[in-house]
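Keep in mind it's a predicted model, so treat the numbers as computed, not measured. These values consider heavy atoms only, across backbone and side chains, with no hydrogens, waters or symmetry-generated copies.
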Amino acid sequence: MISRIPRRALLAAPALLLAAKARAQPAWPARPVRIIAPFAPGGSADTLGRLVAQELTTTLGQPFVVENRAGAGGLTASLQVARTAPDGYSFVISGIASHVIAPAINPNAGFDPVRDFTHVAFLGGPPTVLVVNAALPARDLAEFVALGRAGRALAYASPGAGTHGHLFAVAFERAAGIRMEHIPYRGAGAALADIMSGAVPAGSFTLTSALGGIRGGQLRALAITAPRRVATLPDAPTFTEGGFPDITGQTWFGLSGPASLPEPITTTLNREAVRIMNSPRMRERLEADAIEPAEFSSPEFTRFVAAEVARWTPIARAAGLSAEG
C-alpha cells in the first residue's frame, strides 16, 4: 500500500527548495568585480571610479578592478556592460557624456540609457563654469550678456562639440537671447591656454579644469552651474544669482550595471557607494573639485538619469550635433 504524503508537506516543499537554493548560492561578491571607465586614464570618470573601487575592495572583501575602455564618447564601454549578464560582476562608470549626450546624437548607440541599465549609485561631479580672459571688459555675467546684446561677437571655447561645457553654453545662449560662436577643441588644456593668451575671449569648462587659470588671475569666473556658491571658489556667483535659474547642473558620474540586476546586489552596492561618497575623508578629497555627492537610492538615481536625458537631448539636437560631430 502506497502511503499518502500529507498536504501540509506538499505545500511546504517549494519553500524548502527555494531556501535550499538560496543557501547554495554564494554571497555576493564571491569573485573580483570589474568596473569599466569609458574614458582614458586620468579623467574624472577614471579618478572617481578608482577611488570608489579601492574602498569597495576593502569593505566587500573582493577586488573591484577598474578597466579603461575609451571609444565613441563612452558608448563602447556602456554597450559592453549593457550586454553582460546581470550577475553583479560587471559595471560601468556612467555619466552625462556616455548615457545622455552620446546616445542623444547617435541613433545607433545600441542601448537605451535608462531601460538597458540598473543605475546603482550616483557619484557626483564638478559644476561647469563660464570664464573669460581677465582683460575682457565684462566683470560679471550681466556685463557679458550686455556685450552680446550690443552685437559684439562673442566666441567661446569648449573641450569639444557635445561636451557638457558646450551644451551648458548653448542653454545659456538660448536663455540670455544672445549669439555666441562655438570653437570646439580636443580637450580642455589647449582651449584654456588660448583663452588665457587672449586668442579666444571666453570658454565653458568644468570647474576642475579651469580652476588653475582662475586662481592664477588669467581667467575670470563669471558664473558657475552649481545650485549655490562652492567653497572651492566662494567669490564665483551662480547662474541663478545672475538671473538664470535654469542653468544649473554638473558633469555627473555614477555606477551602473546591466538591466535586471538582482535587488540584493543593487541595495548592497548602493548602500556602500553612498557611504563611501559621503564619508568625511571622501568629502574632503572631493571638495577641491567642488564635487558634492547626493544620497540617491537606485530608483532615485534612475529617475535622475531619465530627467537628464529629457533635459539635454533636445538641446544637443538643437545644437546640430551628430555622431559624426
Side-chain angles (χ1 to χ4, degrees), residues 43-45 47-48 51 93-97 99-101 121-132 138-145 156-159 163-176 180 188 191-192 195 202-216 219-254 274 277-280 282-296 300-301 303-305 307-312 315:
S44 295
T47 300
L48 276 175
L51 286 170
I93 301 298
S94 52
I96 189 162
H99 281 71
V100 178
I101 297 172
F122 181 80
L123 303 181
T128 295
V129 59
L130 177 65
V131 296
V132 296
R139 292 167 296 178
D140 55 32
L141 196 60
E143 292 184 358
F144 184 81
V145 171
Y156 74 96
S158 83
T163 60
H164 211 201
H166 175 206
L167 294 191
F168 261 122
V170 171
F172 171 62
E173 281 184 86
R174 296 169 73 178
M180 299 191 295
L192 286 162
I195 299 171
S204 182
F205 306 90
T206 64
L207 181 57
T208 307
S209 300
L211 193 57
I214 296 169
R215 287 178 168 169
L219 301 175
R220 179 183 301 119
L222 297 186
I224 59 172
T225 62
R228 66 192 69 85
R229 295 198 184 200
V230 297
T232 307
L233 201 65
D235 292 336
T238 65
F239 276 93
T240 298
E241 290 177 77
F244 299 94
D246 292 335
I247 311 300
T248 59
Q250 59 202 144
T251 303
W252 58 266
F253 301 96
V274 168
M277 294 304 296
N278 287 279
S279 67
M282 185 66 81
R283 280 190 169 275
E284 182 179 358
R285 167 67 177 78
L286 299 177
E287 185 178 14
D289 294 328
I291 295 176
E292 288 192 20
E295 297 186 21
F296 285 166
E300 287 170 338
F301 181 31
R303 289 192 290 271
F304 172 82
V305 175
E308 288 286 274
V309 170
R311 177 187 185 186
W312 292 110
I315 295 175

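- Separation of atoms CD (Q250) and CZ (F122) is listed at 4.0 Å; rounding is to 0.5 Å.
- Under the ring-ring contact (aromatic ring centres under 6.0 Å, His included) criterion, F172 pairs with F239, F244, not counting sequence neighbours.
- Residues R220 and F144 have side chains not in contact (no heavy-atom distance under 4.5 Å, counting atoms from C-beta outward).
- For the atom pair L48 CG and I291 CD1, the distance stands at 5.0 Å (nearest 0.5 Å).
- R283 pairs by the salt bridge (Lys or Arg N to Asp or Glu O under 4.0 Å) definition with nothing, not counting sequence neighbours.
- Residue pairs satisfying the salt bridge (charged side-chain N to carboxylate O under 4.0 Å, His left out) criterion with at least one member in residues 203-212, sequence neighbours excluded, are absent.
- The heavy-atom pair separating D235 from P237 by the smallest distance is O-CD, 3.3 Å.
- With sequence neighbours left out, the salt bridge (Lys or Arg N to Asp or Glu O under 4.0 Å) criterion links R215 to no other residue.
- Remark: T251 engages H164 in a side chain to side chain donor-acceptor pair (under 3.5 Å) (not counting sequence neighbours).
- Partners of E295 under the salt bridge (Lys or Arg N to Asp or Glu O under 4.0 Å) rule, at least two apart in sequence or in another chain, do not exist in this structure.
- L207 and A290 make their closest contact through CD2-CB, 3.7 Å (heavy atoms, listed as atom of the first residue, atom of the second, distance).
- T128 pairs by the side chain to side chain donor-acceptor pair (under 3.5 Å) definition with nothing, not counting sequence neighbours.
- With sequence neighbours excluded, no residue forms a side chain to side chain donor-acceptor pair (under 3.5 Å) with S204.
- F168 CZ to T225 OG1: the interatomic distance, rounded to the nearest 0.5 Å, is 4.0 Å.
- Of the inter-residue distances, the one linking I315 atom CD1 with L167 atom CG reads 7.0 Å to the nearest 0.5 angstrom.
- Side-chain atoms of V129 and L211, non-hydrogen and from C-beta on, never get closer than 4.5 Å to each other.
- Between F304 and F296, the angle of the ring planes lies from 30° to 60°, which puts this pair in the tilted group.
- Of all heavy-atom pairs between A221 and V131, the closest is CA-CG1, 4.2 Å.
- Shown here are the side chain to side chain contact (heavy atoms under 4.5 Å, CB included) partners of T240, two or more places apart in sequence or in another chain: T238, P245, T248.
- Between the side chain of R229 and the backbone N or O of P234, at least one donor-acceptor pair lies under 3.5 Å.
- Atom CG of D246 is separated from atom CZ of R311 by 7.5 Å, given to the nearest 0.5 angstrom.
- Checked against I96 for a side-chain contact (heavy atoms from CB on, under 4.5 Å), the options I101, T163, V309 give a single hit: I101.
- Here M277 contributes atom CE and F253 contributes atom CZ; the two are 11.0 Å apart, rounded to the nearest 0.5 Å.
- Contacts of E300 classified as salt bridge (Lys or Arg N to Asp or Glu O under 4.0 Å), with partners at least two apart in sequence or in another chain: none.
- For the side chain to side chain donor-acceptor pair (under 3.5 Å) test, no residue two or more places apart in sequence or in another chain qualifies with R285.
- S209 pairs by the side chain to side chain contact (heavy atoms under 4.5 Å, CB included) definition with A188, L192, F205, T206, not counting sequence neighbours.
- The shortest heavy-atom contact between V145 and A176 is CG2-CB, 4.2 Å.
- Here the closest non-hydrogen pair linking A171 and W312 is CB-CZ3, 4.4 Å.
- Considering all non-hydrogen atoms of both residues, I247 and A175 come closest at CD1-CB, 4.4 Å.
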